[in-house]
Amino acid sequence: MGIFLNPNNINFERALNSEIYIDKSELIKLTNKVVFTEQQFICVSRPRRFGKSMTADMLVAYYSKGCD
């Protein structure tokens, strides 16, 4: 999955090193809690420009095996 969304985690690394970054790592805690349950599907419905792609890049960076 990481190859298609964020190859080599470049997008997440670029955002992490930028001046403005909002930490959404609590979503990792929620995702780990529900990953193998009936509630495994998480809907993130936010308006445009609210960081949905950034959050997806963060999750890919966390769960990918190629991240340092």
Side chain to side chain contact (heavy atoms under 4.5 Å, CB included) evaluation trace for Tyr62 with Asn32
CA-CA 11 Å; Tyr62 178 78; Asn32 285 336; 3.5 Å; yes

Is Leu30 linked to Val35 within one hydrophobic cluster, defined over Ile, Leu, Val, Met, Phe, Trp and Tyr using a side-chain heavy-atom separation of less than 4.5 Å?
no

Can any side-chain N or O of Lys52 pair as donor or acceptor with the backbone N or O of Val44 at less than 3.5 Å?
no

Shared hydrophobic cluster for Leu59 and Phe50 (ILVMFWY, side-chain gaps under 4.5 Å):
no

Can you tell me how far OG1 of Thr55 sits from CD1 of Ile42, rounded to the nearest 0.5 angstrom?
11.0 Å

Nearest heavy atoms of Ile28 and Tyr63, plus distance in Å
O-OH, 4.1 Å

